[in-house]
Amino acid sequence: MIDSYSDFRSALLLWYDQNQRMLPWRTKPSLYNTVVSEFMLQQTQIKTALPYFERWLIRFPDFHSLAEAETESVLKYWEGLGYYNRARNLHKLAQCLVDADAIPDTPDAWKALPGIGDYTAAAISSIAQNHPSAVVDGNVVRVLARLTNDDTNFSSNAQAVKQFTVLANQLLDSKRPGDANQAMMELGATLCTKGQPQCQCCPLKTFCLGFQAGKPEGLPAITRAKRTQVQENRAFIIREQRLLLYKIPSDAKRLKDHYELPSLEALGLTKDSKHLKKLTSKKRGISNQVITETVYELDTALNPIEEKEPFYWIDLKSIDRILLSGPHKRWIRDLLMLL
DNA sequence: AATGCGGGGGG
DNA sequence: CCCCCAGCATT
């Protein structure tokens with residue numbers, strides 16, 4: 001397929017040296033910066049993570065400061081980014097490293113730490129420690145599927161990752177593994193994009209079978225999980241400058257310890273009640289669910305509930321101090337403007 | 001191997 | 001509206 005691995009690696013690295021984006025974890029490289037950025041970038045685009053990364057480094061500049069921080073503070077700085085177990089795992093990881101006798105120096109050693117799988121172990125090892133381990137993320141899968149013109153219909157992303165890991169390691173430049181890995185991902189993020197790849201600018205076009213065959217856009221072919229529809233009805237209730245919120249239990253599977261607008265169900269109400277008035281409705285996606293959420297207000301004559309257990313009356317002035325998921329935070333802000 | 005986990009970017 | 005994003009842990 002590829003005549004000269006040496007030519008391939010040179011072309012890729014030359015392009016990366018000349019075209020890489022300026023990013024804070026590249027400008028100021030360190031083990032800590034690499035670890036934090038890789039956690040934030042799990043299933044999250046660079047553009048989205050960037051402001052979080054900057055704020056994080058000011059508040060938690062190193063492993064030691066992170067290890068010592070309260071979980072609540074750590075989550076507050078992750079608020080809105082999603083996948084909150086990443087923050088909890090990063091926090092635990094910092095504590096592990098501070099306690100450890102030695103820093104891990106192989107992918108397998110990194111994988112023993114919380115929140116680190118195949119991808120992140122290879123990324124940290126190669127970028128921060130010059131270890132020759134290839135990363136295979138969504139970008140790399142796309143680049144390699146096109147490079148080899150592989151039209152396999154993968155039944156999952158994991159299957160594609162597994163298949164392309166072999167090739168990724170064969171192609172990896174062991175002299176500069178961190179840059180070679182980042183170059184493949186940078187290529188996938190900027191030129192070899194899903195929609196309209198800019199093949200004419202691609203440093204790999206002379207090696208790319210997909211380009212030569214003329215149809216790289218359709219690759220890779222991966223069957224995705226079907227989405228299911230869910231309906232949620234919630235209450236927006238304010239009494240005397242306090243908003244009624246529901247605190248998600250610490251043993252819940254998602255959004256543990258976050259606050260949200262209480263569901264009508266939890267309040268013992270149904271959407272058909274005469275005392276409810278529809279305020280607004282929005283649709284959003286979570287994982288493979290499409291949630292249609294409708295918010296109602298309750299007649300001011302009725303006083304719904306005491307402050308007890310998972311229900312809290314939060315003073316509007318202190319709303320910024322509690323943990324809120326992104327959508328609920330925006331929702332509350334919008335509804336307060338409306339009133 | 002399949003599923004759940006947030007949220008947002010961009011076509 | 002859709003797919004996808006520098007994935008991981010659990011089952």
Side-chain angles (χ1 to χ4, degrees), chain A residues 20-21 23 25-26 33-53 75 78-90 92-93 110-128 134-143 154-162 165 168 178 180-190 192-197 217-218 220-228 230 248 252-256 258 260 282-291 293 323-331:
Chain A
Q20 67 176 281
R21 291 169 287 179
L23 297 170
W25 48 88
R26 290 176 181 163
N33 289 4
T34 299
V35 170
V36 172
S37 64
E38 291 302 338
F39 268 72
M40 287 190 174
L41 292 172
Q42 288 168 8
Q43 287 294 283
T44 302
Q45 291 186 318
I46 286 177
K47 184 174 183 180
T48 304
L50 222 33
Y52 286 87
F53 184 84
L75 287 171
W78 204 273
E79 185 183 53
L81 244 194
Y83 288 138
Y84 298 94
N85 276 337
R86 293 183 296 176
R88 296 175 191 274
N89 285 334
L90 179 55
K92 290 180 202 162
L93 181 146
W110 281 106
K111 272 189 69 172
L113 294 169
I116 296 189
D118 289 334
Y119 166 80
T120 308
I124 294 172
S125 300
S126 63
I127 296 170
V135 299
V136 185
D137 72 333
N139 289 307
V140 176
V141 166
R142 189 169 53 254
V143 170
F154 297 101
S155 60
S156 72
N157 188 63
Q159 188 194 1
V161 166
K162 185 174 180 182
T165 296
N181 276 332
Q182 293 187 80
M184 290 289 280
M185 296 190 283
E186 191 85 346
L187 198 58
T190 60
C192 195
T193 53
K194 176 187 183 307
Q196 296 170 338
E217 299 85 2
I222 301 174
T223 300
R224 309 291 176 179
K226 190 72 181 174
R227 297 169 85 84
T228 59
V230 177
I248 300 172
K253 290 188 175 171
R254 68 185 175 100
L255 297 175
K256 319 178 211 294
H258 283 67
E260 61 179 11
K282 279 184 187 172
K283 192 176 283 192
R284 64 186 173 110
I286 294 179
S287 187
N288 57 354
Q289 289 183 331
V290 180
I291 303 180
E293 256 165 329
L323 212 50
L324 284 165
S325 71
H328 281 264
K329 190 175 203 167
R330 215 170 323 112
W331 223 334

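In what follows, every chain begins at residue 1, and chains take the letters A, B, ... in the order their sequences are listed.
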Q: Determine the interplanar angle of the A:F53 and A:W25 rings, folded into 0 to 90°, and report it as parallel if under 30°, tilted if 30 to 60°, perpendicular if over 60°.
A: perpendicular
Q) At their closest point, which heavy atom of A:N85 faces which heavy atom of A:K256, and how far apart are they? A) OD1-CE, 3.8 Å
Q.
Any base atoms under 4.0 Å from A:T193, or only sugar-phosphate, or nothing? Heavy atoms, all strands.
A. nothing
Q: Give A:I116 one of three labels, base, sugar-phosphate or nothing, depending on what nucleic acid heavy atoms sit under 4.0 Å from its own.
A: sugar-phosphate
Q) Is the backbone of A:R21 close enough, under 3.5 Å, to the side chain of A:E186 for a donor and an acceptor to pair up by distance? A) yes
Q: Specify the residue among A:K111 and A:E38 whose closest nucleotide of DNA chain C lies further upstream toward the 5′ end.
A: A:E38
(Q) Rounded to whole Å, how long is the line connecting atom CG of A:L323 with atom P of B:dG7? (A) 10 Å
Q) Is any side-chain N or O of A:R284 closer than 4.0 Å to OP1 or OP2 of B:dG8? A) no
Q: Name the closest nucleotide to the A:T48 side chain, picking from B:dG10, B:dG7, B:dG8.
A: B:dG8
(Q) Counting the atoms with a prime plus P, OP1 and OP2 as sugar-phosphate, which does A:D118 contact under 4.0 Å by heavy atoms, base, sugar-phosphate, or nothing? (A) sugar-phosphate
Q) Looking at side-chain heavy atoms only, is the closest gap between A:N157 and A:R224 below 4.5 Å? A) yes
Q. Taking atom P of B:dG8 as reference, at what distance in whole Å does atom CG of A:L81 sit?
A. 9 Å
Q.
Over all strands shown, is A:L255 touching base, sugar-phosphate only, or nothing at heavy-atom distances under 4.0 angstrom?
A. sugar-phosphate
Q.
Tell me if a side-chain donor or acceptor on A:Q20 pairs with a main-chain N or O of A:A183 at a distance below 3.5 Å.
A. no
Q. In whole Å, what is the span from the CG atom of A:L324 to the C1' atom of B:dG6?
A. 14 Å
Q) Given atom CD of A:Q42 and atom C1' of B:dG8, what is their separation to the nearest angstrom? A) 17 Å
**Q.** Atom-pair distance (NZ on A:K47; P on B:dG11), nearest Å
**A.** 10 Å
(Q) Checking the side chain of A:S126 only, and the main-chain atoms of A:A123 only, is there a donor and an acceptor separated by less than 3.5 Å? (A) yes
Q: Have a look at A:G195 and say if it touches a base, only the backbone sugar-phosphate, or nothing, with a 4.0 Å heavy-atom cut-off.
A: nothing
Q. Contact class for A:R330 vs. all strands (heavy atom < 4.0 Å): base, sugar-phosphate, or nothing?
A. sugar-phosphate
Q) With distance as the sole test, does A:R86 use its side chain to make a donor-acceptor pair with the main-chain N or O of A:G115 at under 3.5 Å? A) no
Q. Taking any atom under 4.0 angstrom from a heavy atom of chain A, which nucleotides of DNA chain C are the first and last to qualify, 5' to 3'?
A. C:dC1 to C:dA9
Q: Grab the two heavy atoms, one from A:T120 and one from A:F39, that are nearest each other, plus how far apart they are.
A: CG2-CE1, 4.4 Å
Q: Identify the heavy atoms of A:G188 and A:N139 that sit nearest to each other, and give their distance.
A: C-OD1, 3.3 Å
Q. Looking across every strand, which nucleic acid part, if any, lies under 4.0 Å from A:G188 by heavy atom: base, sugar-phosphate, or nothing?
A. nothing
Q | A:V140 side chain near A:N181 side chain, heavy-atom distance below 4.5 Å | A | no
Q) A:E293 pairs by salt bridge (Lys or Arg N to Asp or Glu O under 4.0 Å) with which of A:K283, A:R284, A:K282? A) A:R284
Q. With a non-hydrogen cut-off below 4.0 angstrom, is A:R88 in contact with a base, only sugar-phosphate, or nothing?
A. nothing
Q) Phosphate oxygens OP1/OP2 of B:dC5: is one of them under 4.0 Å from a side-chain N or O of A:R86? A) no
Q. A:W25 near the nucleic acid: base, sugar-phosphate alone, or nothing, with a heavy-atom cut-off under 4.0 Å?
A. base
Q. When Watson-Crick pairs (N1 to N3 and N6-O4 or O6-N4) and G-U wobble pairs (N1-O2 and O6-N3) count only below 3.5 Å on both distances, what is the dot-bracket string of DNA chain B, with | for other-strand pairs?
A. |||||.|||||
N/O to N/O distances under 3.5 Å, protein versus nucleotides 2-4 of chain B:
{"residue": "B:dG4", "atom": "OP2", "partner": "A:N288", "partner atom": "ND2", "Å": "3.4"}

Q: Indicate yes or no for a side-chain donor-acceptor contact from A:T44 to the backbone of A:Q42 under 3.5 Å, with no hydrogens or angles considered.
A: yes
Q.
Work out how far the P atom of B:dG4 is from that of C:dA6, and round it to whole angstrom.
A. 24 Å
Q: Show the numbers, then the answer: is there a side chain to side chain donor-acceptor pair (under 3.5 Å) between A:S325 and A:E260?
A: CA-CA 7 Å; A:S325 71; A:E260 61 179 11; 5.8 Å; no
Q) How would you label the contact of A:S37 with the nucleic acid (heavy atoms, under 4.0 Å): base, sugar-phosphate, or nothing? A) nothing
**Q.** Over 12 non-hydrogen atoms of neighbours within 6.0 angstrom of NZ in A:K162
**A.** no
(Q) Tell me whether the side-chain N or O atoms of A:T44 pair up with the base of B:dG7 as donor and acceptor below 3.5 Å, since no angle test is needed here. (A) no
**Q.** Given DNA chain C, 5'-ward residue of the pair A:P114 and A:Q45, judged by closest heavy atom
**A.** A:Q45
Q.
Could you tell me how far C:dT11 sits from B:dG6 if I compare only their P atoms? Round to whole Å.
A. 16 Å
Q.
Between A:Q196 and A:Y83, which residue's closest nucleotide on DNA chain B lies nearer the 5′ terminus?
A. A:Y83
(Q) Just to be sure I understand the rule, does A:K283 reach a base, reach only the sugar-phosphate, or reach nothing, if contact means heavy atoms closer than 4.0 Å? (A) sugar-phosphate
